[in-house]
Each structure stands twice: as C-alpha cells, then as structure tokens.
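Side-chain atoms are counted along with the backbone in the values below, which use heavy atoms only and exclude waters and symmetry mates.
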Amino acid sequence: MKNKRNVFSCLTILLTGVIYFAVQAQQKNDTHRANFSGEWKSKESISMGGNIVCSYNKGDRMLSKTMKIAEQADFLTIEIPNPSPGAKLATSQEKLTFDGKESQINYGRGRGKKFTVKLSADGQTMTVNSIVQLMVATPYHVNVQKQAFVYVTEVWKLSNDGNSISIQANAKSNLFEGERSWKTIFDKAN
C-alpha cells in the first residue's frame, strides 16, 4: 500500500512539472509571435495578380506594390504611398478592425467599399471580405456609366518566420462570369 502511495505521489509531481513547463513554453511563444507590422513589397499588386479591377480609387491598397502596416491589439493600419509620379509623399491609409463589424469607405459617385475583417486566434491569418463598388462605362456608350460590384475575399497568411505575407484572393462580379482566384506574395522590406 505504501508503494502505491509513493508511486502516485511521484506521478502527481511529474505530471505537475510537465504541465508547468508546457504552459511556460506556450507563454514565451505568445509574447514573441510575429505580426503583420512592417514594410512589405511585392512584384505585383493584389488586384493585378487576378487581372481584375477590384479597387475603387487609385489610392486603394489593392493597387499598391508596397504597404506599410502597423498592427495593434484589435486593428491594423495600412499606409500606401501616393501612386502618382512626381506627387508629394502623401499616403492613403486604411484601418482594418478585427471585430468582424462592417466598415465603409465612400468616395462618392458610386465608388467605395464595405468590408469586414477577422483575425485568427493565433494571429497568423486574417480574412478580409469586401464589396467593392465602382462605376464603369457601358459597352458602346462610353459616356454612360453603370454601377458595378466586385465581391472579394482575401485570406492573408503570415509566414512562420514573419518575413512574408501570402494573400489568396477570390473575386466574383457582375462584370465577369465565374470566380477568379489568385495569390500575391509580399516580402518584408525592413
């Protein structure tokens, strides 16, 4: 009977030690996890990878090959340099909030977008669902414009080392048939 108690006590101490070290290791990983912050560059913009117009304005992040991202606890901001040659160093900025609530950007005249953003529990994947609104010329009547919608889902995945972001985009629209899908890779520039 005494041996059983000793074995049970030893197993309890051993199990407590294993759990303690597992918790400590997990806490260290969480405090040093990579995030989306930094300057990022790509060979092509997110929009051009799918050869589709899914941007509502020339300062939209979907058209840029460079991004400067600052991640906070519950949102991130993306700064895009001004695409106009010879322009001052003005940037456009987009705030992506991780709460899943709909945000909206409106540039008037039927241009803008509505979007929601969700961040995975591990902080490595972000999903952006957007409805892009734009005005396009009608066939054979260039001066007559109609409202067009592009439904875009972007899945941003941060690499384990935090040095690249892959963005898998899928789009549907009343401008084309079917669904288009493409992937864009941004590499950390700093």
Checklist entry - Does a side-chain heavy-atom distance below 4.5 Å link Ser166 with Ser159? => result no

Checklist entry - Any link between Val150 and Ile131 through a network of hydrophobic side chains (Ile, Leu, Val, Met, Phe, Trp, Tyr) touching at under 4.5 Å? => result no

Checklist entry - In Å and rounded to the nearest 0.5 Å, what is the CZ to CG distance from Arg111 to Leu134? => result 9.5 Å

Item to check | Least distance between heavy atoms, Val128 atom then Ser130 atom | outcome: CG1-OG, 3.7 Å

Checklist entry - Roughly how far, to the nearest 0.5 Å, is the CZ atom of Phe36 from the CD1 atom of Ile78? => result 9.5 Å

Next on the checklist: Using the side chain to side chain contact (heavy atoms under 4.5 Å, CB included) criterion, which residues pair with Ser103? Sequence neighbours excluded.
Outcome noted: Phe115

Item to check | Nearest non-hydrogen partners of Gly38 and Lys188, listed with the distance | outcome: CA-CE, 4.1 Å

Checklist entry - Is there side-chain contact between Thr127 and Lys157, with at least one heavy-atom pair below 4.5 Å? => result no

Checklist entry - Sequence neighbours excluded, which residues qualify as side chain to side chain contact (heavy atoms under 4.5 Å, CB included) partners of Gln145? => result Met135

Item to check | Sidechain N-carboxylate O distance under 4.0 Å for Glu94, Lys113 | outcome: yes

Checklist entry - What do the steps show when you test Gln168 against Ser181 for side-chain contact (heavy atoms from CB on, under 4.5 Å), and what is the final call? => result CA-CA 7 Å; Gln168 177 65 46; Ser181 180; 2.8 Å; yes

Item to check | Donor-acceptor pair between Ser164 and Asp187 side chains, under 3.5 angstrom | outcome: no

Checklist entry - If you measure only the distance, is there a donor-acceptor pair under 3.5 Å linking the side chains of Asp99 and Thr97? => result no

Next on the checklist: Using a 6.0 Å distance limit plus a 45 degree cone around the ring axis, check whether Lys172 lies over the aromatic ring of Tyr151.
Outcome noted: no

Checklist entry - Just wondering, are more than 12 heavy atoms of other shown residues or ligands nearer than 6.0 Å to CD in Gln104? => result yes

Next on the checklist: For a quick test of reading the model, state the closest non-hydrogen atom pair linking Thr116 to Gly100 and the distance between them.
Outcome noted: CG2-O, 3.5 Å

Checklist entry - Going through the checks in order, is the side-chain contact (heavy atoms from CB on, under 4.5 Å) test met by Met126 and Val117? => result CA-CA 7 Å; Met126 177 175 68; Val117 182; 3.6 Å; yes

Item to check | Lys118 side chain reached by Phe98 side chain, heavy atoms, under 4.5 Å | outcome: no

Checklist entry - Between Glu44 and Thr184, does any side-chain donor sit less than 3.5 Å from a side-chain acceptor? => result no

Checklist entry - Distance from Leu96 atom CG to Asp74 atom CG, nearest 0.5 Å? => result 12.0 Å

Checklist entry - Taking side chain as C-beta onward, heavy atoms only, is Val155 less than 4.5 Å from Thr125? => result yes

Checklist entry - Nearest 0.5 Å, what's the CG-OG1 distance between Asn129 and Thr153? => result 4.0 Å

Next on the checklist: Does any part of the side chain of Val132, heavy atoms only, come nearer than 4.5 Å to the side chain of Phe149, both counted from C-beta?
Outcome noted: no

Checklist entry - Rounded to the nearest 0.5 Å, how far does OG of Ser42 lie from CD1 of Ile185? => result 8.0 Å

Item to check | Non-neighbouring partners of Lys43 that pass side chain to side chain contact (heavy atoms under 4.5 Å, CB included), sequence neighbours left out | outcome: none

Item to check | Nearest atoms (heavy-atom pairs only) where Ser64 meets Pro81 | outcome: OG-CD, 4.1 Å

Checklist outcome for this item: CZ (Phe186) and CE (Met67) are apart, to the nearest 0.5 Å, by 3.5 Å

Checklist entry - Given side chains that start at C-beta, do those of Ile165 and Ile69 come closer than 4.5 Å, heavy atoms only? => result yes

